[in-house]
Amino acid sequence: MTGKETAPFGKGSHLHLIDGSAYIFRAYHALPPLTRKSDGLPIGAVAGFCAMLQRYVENNNGPEAATHIAVIFDKGSITFRNDIYPEYKAHRPPLPEDLRPQFPLTRAATAAFNIAYKEIEGFEADDIIATLAREAAEAGGRVTVISSDKDLMQLVGPAVCMFDPMKNKLIDADGVIEKFGVAPDRVVDVQALAGDSVDNVPGAPGIGIKTAAQLIGEYGDLDNLLANAAQIKQPKRRETLINFADQIRVSRRLVQLDAQVPLDFTLADLVLRAPEPEVLLGFLTEMEFRNISKRVADKMGVDAPMIAAATAKGIAEKSAPKTVAPPPPDAPIDHAAYVNINTPEMLADWIDAIRAQGYVAFDTETTSLDEMQAELVGVSLALVPGRAAYIPLGHRMAAGDDLFADNRLTEGQLPLEVVLNALRPVLEDPAVLKIGQNIKYDVKIMARYGVHLAPVDDTMLLSYALHAGLHNHGMDELSERYLNHRPIPIKELIGSGKSAVTFDHVPVEKAVAYAAEDADITLRLWQHFKPQLPQSRVTTVYETLERPLIPVLTRMEMAGVQVDRDTLSRMSNAFAQKMVQLEEEIHAAAGRSFNVGSPKQLGEILFDEMGFQGGVKGKNGAWGTGADVLEDLATEHALPGLILDWRQVAKLKSTYTDALQDHINPDSGRVHTSYSIAGANTGRLASTDPNLQNIPVRTEEGRRIRGAFVAPAGKVLVSLDYSQIELRILAQIAQIDALKEAFQQGLDIHAATASEMFNVPLDQMTPEIRRQAKAINFGVIYGISAFGLARNLRIPRDRAQGFIDRYFERFPGIRAYMDQTIAFAKENGHVRTLFGRRINTPEINAKGPHAGFARRAAINAPIQGTAADIIRRAMIQMDPAIAHLPARMLLQVHDELLFEVEENAADELTAIAKRIMEGAADPAVHLDIKLVVDAGRGQNWAEAH
DNA sequence: TACTTCACG
DNA sequence: GACGTACGTGAAGTAC
């Protein structure tokens, strides 16, 4: 398929527009859940979809035949209508697990039939159809909309009709009148009044299509009806129309299709093209559709291909140019077979092949792990296993190659700008999937070069959705585990330690082998992991909680947060002075000089030389000198307290006031963290380089560091955090009525727990009793043990056991939850969050001390993980919801989101963000308890929090 | 590189 | 009856 043919659209032209999403759903529900035999990929909807397209193509002849055609799809579920009415389509049941992965394949199927397809973010397929129908009518041609969706009936007119493929029936203006009782141009008015329960359009209560049509017939149109509502005779109807006028107007905006969608193509691009037998049969063969292949082959007068055992062969194999000819299936990793793309012709060949296939594995090589500073050195591509290439772009002379110009680019590389301009259309093409390993990194790099990679798939996140808890998800580890292949270590190219060089100084030949291998491995991992999502029942997790987070985090990380260097610098100086002073006092108290930062030396002084009792040696024979130990000793001597003071200051200085300054990006003047999506087993994010999720807050001294995180002039920081989200989730998951009740009443949950446990009325609660209850509440979330509670509360173990017994007695559901969770883990090898996230528990059946850890982790994971899922959902919904505001989401700290917003928009931002966070579980999961979000704002993070 | 300590939720 | 424990992270510094 070249995709380059066009033919002008005008008088005598006939445009057919197929409602693709309707086709998919009909196909899905009409057929049993078929899977591809070779690998289990769910394929039923694709099969039905292809059959329907084939039937359409066969019947497209005669006087009504199309001269131009397109299949129009919905893209995403959030559109401008959600801004008008957030509840729009909110009652839709969630997509079936095995349907979503078929969406890209239906696009590929359409392409294989050589039919244009279109989808546009933020608009429904109906809007695109409306726009194309308008343009076609204006150009003097005719339009047939192939759909049975009544929402499209408003488009019918002299040049536009509909065809219902279910009933094989043409719908013209008379057909519309039959359905709605009014002419097509008043359909919107009737729908606005009648509402629609399927799309959750509210309409006017108590008024259906019949009544609506009658009213519109009487008053001419909706505006006139509402203007004269007071004259309506029937009292009930009159009141409804007056009281719900606004709701009716909103409903009209919801049902009114937008015929002005900005399009990046023209009608001429949609010219009818005959399918190319090789391409179409290639696709059908890859899908292993025997019947349709045979039928297509018969109709086209060619031989049907044999459908053999599964291979990774695809369309690329059938139509790819010579330089990208396919390797044999399951080719072993062969570094010599990788290609160095260094001519424009080769580049063009590869781009054509990528387009034809519809997906490509993609990887970047750069000079740094810091995406905000790294320079692009090359990109690699892989189409099918074994067939991968590297495009060197920024390789430079190795030092010493040329004494006078060792920073020059080496010969034989295509110019960076030329390559990026050539690749940009495919890398940004919504029809071409870019597959990466930790692709957020590559998305950020490319964004800095003006290329906006989308859509993307990520093998790291696929592995995370499938295997969280089993192992880490770095490429080397995944390759060894799942491909049985050890990739070239990066050390062999750039060295390590002090003598390490950057990738731009690696010779191109070595870079080709290394970089192309990465893309090759990524592609193979993708082929291995992707089909496993449905059978592990994590498709929804991957599609709604993992993949959509990539662009959200990309924006947050690239935005960064402003940090005031002067404040940090002054604090560092003050801390340095204080440390010197404390060191003198410490040496005096110890009676000799030693390295205060050495726990080993300190332990020897305290327990061997000074003779303190109660020391505990760790497994390496060194005395423990942790804060809890020193706090106990502080009552007996000045030294431990001084050490604690020194450690606090040293920590704040080295980890925060010093290190944060080094992380201020010289270009942006801001600090850019990096979030790892697949770092924590439970679904939490982790923040690195620097970690902005552990900025001090608990001590006064430390809180001053938060004061250095500031809003730029004219802006403020807004912080919103969930109140007690994990305890609320515990109440929900374990169904603890007393706990749920306390939350619904808005009580202080720790005080309420204390009251229940110790029979103390709330108005007589003391801080001490409350503190104990708080420790127990947290203990429960962590998989409580008497030992742990005793240590935390510094009480005897039997007393701690007494507390736990009483807690279980008063909240019997907790015990049951813990027992059931452990039993489930033992049975299934994993636990799940409320949203279906799977956390594997491989050690749960182990013997010995491992088992205790595994049990507590299994109890904690659904709670911590559900909270993580909820804030992920909030973050994903947040971007479109605040897009219209001068505001940016900057940081996530597990239960808190930090925003930067222009002062005059802070109120609106706070209201929207709060609403989204509190409603983030809906509609996927219904919670009995409500989520509560507290908000604050200020010039800096300390004030906002 | 392993271990300890300590910052956060 | 004993194991040795609160759950989840990342960074810095010392010691080997």
Side-chain angles (χ1 to χ4, degrees), chain A residues 468-469 496-497 594-603 616-630 643-644 646-660 662-663 673-676 678-699 701-703 705-706 721-727 730 775-793 797 800 804 839 846-865 867-868 871 891-896 945:
Chain A
S496 67
F594 70 104
N595 184 349
V596 185
S598 165
K600 184 167 173 284
Q601 294 178 32
L602 175 66
V616 183
K617 285 195 174 178
K619 56 184 164 188
N620 293 317
W623 293 105
T625 67
D628 50 346
V629 176
L630 297 185
I643 297 280
L644 285 170
W646 183 91
R647 279 191 183 163
Q648 195 197 4
V649 177
K651 176 78 174 183
L652 295 179
K653 181 172 187 294
S654 69
T655 308
Y656 300 105
T657 57
D658 286 352
L660 275 174
D662 299 336
H663 279 288
T673 184
S674 181
Y675 289 100
S676 55
N681 288 338
T682 53
R684 274 195 178 180
L685 301 179
S687 161
T688 66
D689 308 301
N691 181 355
L692 296 185
Q693 290 181 322
N694 71 345
I695 303 302
V697 71
R698 291 174 187 171
T699 66
E701 191 85 305
R703 232 179 342 261
I705 293 169
R706 284 203 178 208
D721 67 295
Y722 285 107
S723 162
Q724 303 292 359
I725 188 168
E726 293 195 352
L727 277 174
L730 173 71
I776 298 167
N777 276 334
F778 278 107
V780 168
I781 289 173
Y782 297 153
I784 200 159
S785 74
F787 186 95
L789 184 63
R791 206 178 62 166
N792 193 286
L793 283 178
R797 206 160 144 183
I804 294 170
I839 297 123
K847 295 271 181 274
H850 286 335
F853 282 110
R855 272 199 297 274
R856 291 191 295 271
I859 290 166
N860 174 258
I863 302 169
Q864 188 180 118
I871 197 164
L891 300 178
Q892 187 251 43
V893 192
H894 309 308
D895 64 359
E896 172 187 5
H945 185 77

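Chain letters run A, B, ... following the sequence lines, proteins first, then strands; residues in each count from 1.
Side-chain atoms of A:S687 do not come within 3.5 Å of backbone N or O of A:Y675 as any donor-acceptor pair.
Distance check on atom P: C:dT5 versus B:dC3 gives 13 Å, rounded to whole Å. Look at the P atom in both C:dG4 and B:dT4: the space between them is 14 Å, to the nearest Å. To the nearest whole angstrom, the two C1' atoms, one in B:dC8 and one in C:dC3, are 30 Å apart.
In the set C:dT14, C:dG8, C:dA6, the nucleotide with an atom closest to the side chain of A:N595 is C:dT14. Picking from C:dG8, C:dT14, C:dA6 the nucleotide with the shortest atom distance to the side chain of A:L789 gives C:dA6.
If you measure from atom CG of A:D895 to atom P of C:dG8, you get 17 Å, rounded to the nearest angstrom. Protein atom CG of A:L660 is 13 Å distant from nucleotide atom C1' of C:dG10, rounded to whole Å. As rounded to whole Å, 16 Å separates atom P of C:dA6 from atom CD of A:Q864. Rounded to a whole Å, the CZ atom of A:F594 is 13 Å from the P atom of C:dT14. Nucleotide C:dG10 holds its C1' atom 11 Å from the CD1 atom of A:I695, rounded to whole Å. In this entry the distance linking CD of A:E726 with C1' of C:dT9 reads 13 Å, nearest Å. The nearest whole Å value for the distance from the CZ atom in A:R855 to the P atom in C:dT5 is 15 Å. In this structure, A:Y675 atom OH and C:dG10 atom P are separated by 13 Å, rounded to whole Å.
Across all strands, A:F853 comes closer than 4.0 Å only to sugar-phosphate atoms, never to a base (heavy-atom distances). At a threshold of 4.0 angstrom between heavy atoms, the contacts of A:A867 with the nucleic acid are absent. The residue A:A846 sits apart from the nucleic acid: no heavy atom pair falls under 4.0 Å. Here A:R698 lies in heavy-atom contact (under 4.0 Å) with a base. Counting non-hydrogen atoms under 4.0 angstrom, A:D721 reaches nothing in the nucleic acid. Residue contacts shown for A:I784 include a base, since a base heavy atom lies under 4.0 Å away. As judged by a 4.0 angstrom heavy-atom cut-off over every strand, A:N694 is placed among the base-contacting residues. Here A:G624 lies in heavy-atom contact (under 4.0 Å) with sugar-phosphate atoms only. Heavy atoms of A:G779 sit under 4.0 angstrom from at least one base atom. Nucleic acid contact for A:Q601: sugar-phosphate only, since backbone atoms but no base atoms lie under 4.0 Å from a heavy atom of the residue. Counting non-hydrogen atoms under 4.0 angstrom, A:G626 reaches the backbone sugars and phosphates but no base. Contacts of A:A659 with the nucleic acid, taken as non-hydrogen atoms under 4.0 Å apart, involve only primed sugar atoms and P, OP1 or OP2.
Using a 4.5 Å heavy-atom threshold, the side chains of A:I871 and A:I725 count as separate. Counting heavy atoms from C-beta outward, A:L602 and A:R647 have side chains that approach closer than 4.5 Å. Using a 4.5 Å cut-off on side-chain heavy atoms (C-beta onward), A:H945 and A:E896 make contact. For the pair A:I781/A:N860, a side-chain contact is recorded, criterion being any heavy-atom separation below 4.5 Å from C-beta on. Annotation: side chain of A:L692 is in contact with side chain of A:L660 (closest heavy-atom distance under 4.5 Å).
Running 5' to 3' along DNA chain B, contacts with non-hydrogen atoms of chain A at under 4.0 Å begin and end at B:dC3 to B:dG9.
Nearest heavy atoms, A:E701 versus A:L652: CG-CD1, 3.7 Å. Between A:A800 and A:A786, the closest heavy-atom pair is CB-O, 3.5 Å. A:W623 approaches A:G603 most closely through the heavy-atom pair CD1-O, 3.5 Å.
Paired runs in DNA chain C that reach 3 or more consecutive Watson-Crick or G-U pairs, where each pair keeps both distances under 3.5 Å, cover B:1-9 with C:7-15.
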(request) Carefully, step by step, assess A:Q892 and A:Q693 under the rule side chain to side chain contact (heavy atoms under 4.5 Å, CB included). (result) CA-CA 7 Å; A:Q892 187 251 43; A:Q693 290 181 322; 3.0 Å; yes
(request) Would you check, one step at a time, whether the test side chain to side chain contact (heavy atoms under 4.5 Å, CB included) holds for A:Q724 with A:N777? (result) CA-CA 11 Å; A:Q724 303 292 359; A:N777 276 334; over 6 Å; no
(message) What verdict does the side chain to side chain contact (heavy atoms under 4.5 Å, CB included) test give for A:V616 and A:V629, after you've listed the backbone C-alpha separation in whole Å, the side-chain angles of each residue and the deciding distance to 0.1 Å?
(response) CA-CA 9 Å; A:V616 183; A:V629 176; over 6 Å; no
(request) I would like to know whether A:Y782 and A:I863 meet side chain to side chain contact (heavy atoms under 4.5 Å, CB included); could you show each step before the answer? (result) CA-CA 9 Å; A:Y782 297 153; A:I863 302 169; over 6 Å; no
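Cation-pi check for A:R856 over A:F853 is met; the charged atom lies under 6.0 angstrom from the ring centroid and within 45 degrees of its normal.
Within residues 648-655 of chain A, the residues that place at least one heavy atom under 4.0 Å from DNA chain C are, in residue-number order, A:K651, A:S654, A:T655.
Look at A:R856 and you won't find any side-chain N or O under 4.0 angstrom from OP1 or OP2 of C:dT5. For A:R684, no side-chain nitrogen or oxygen approaches OP1 or OP2 of C:dT9 to under 4.0 Å.
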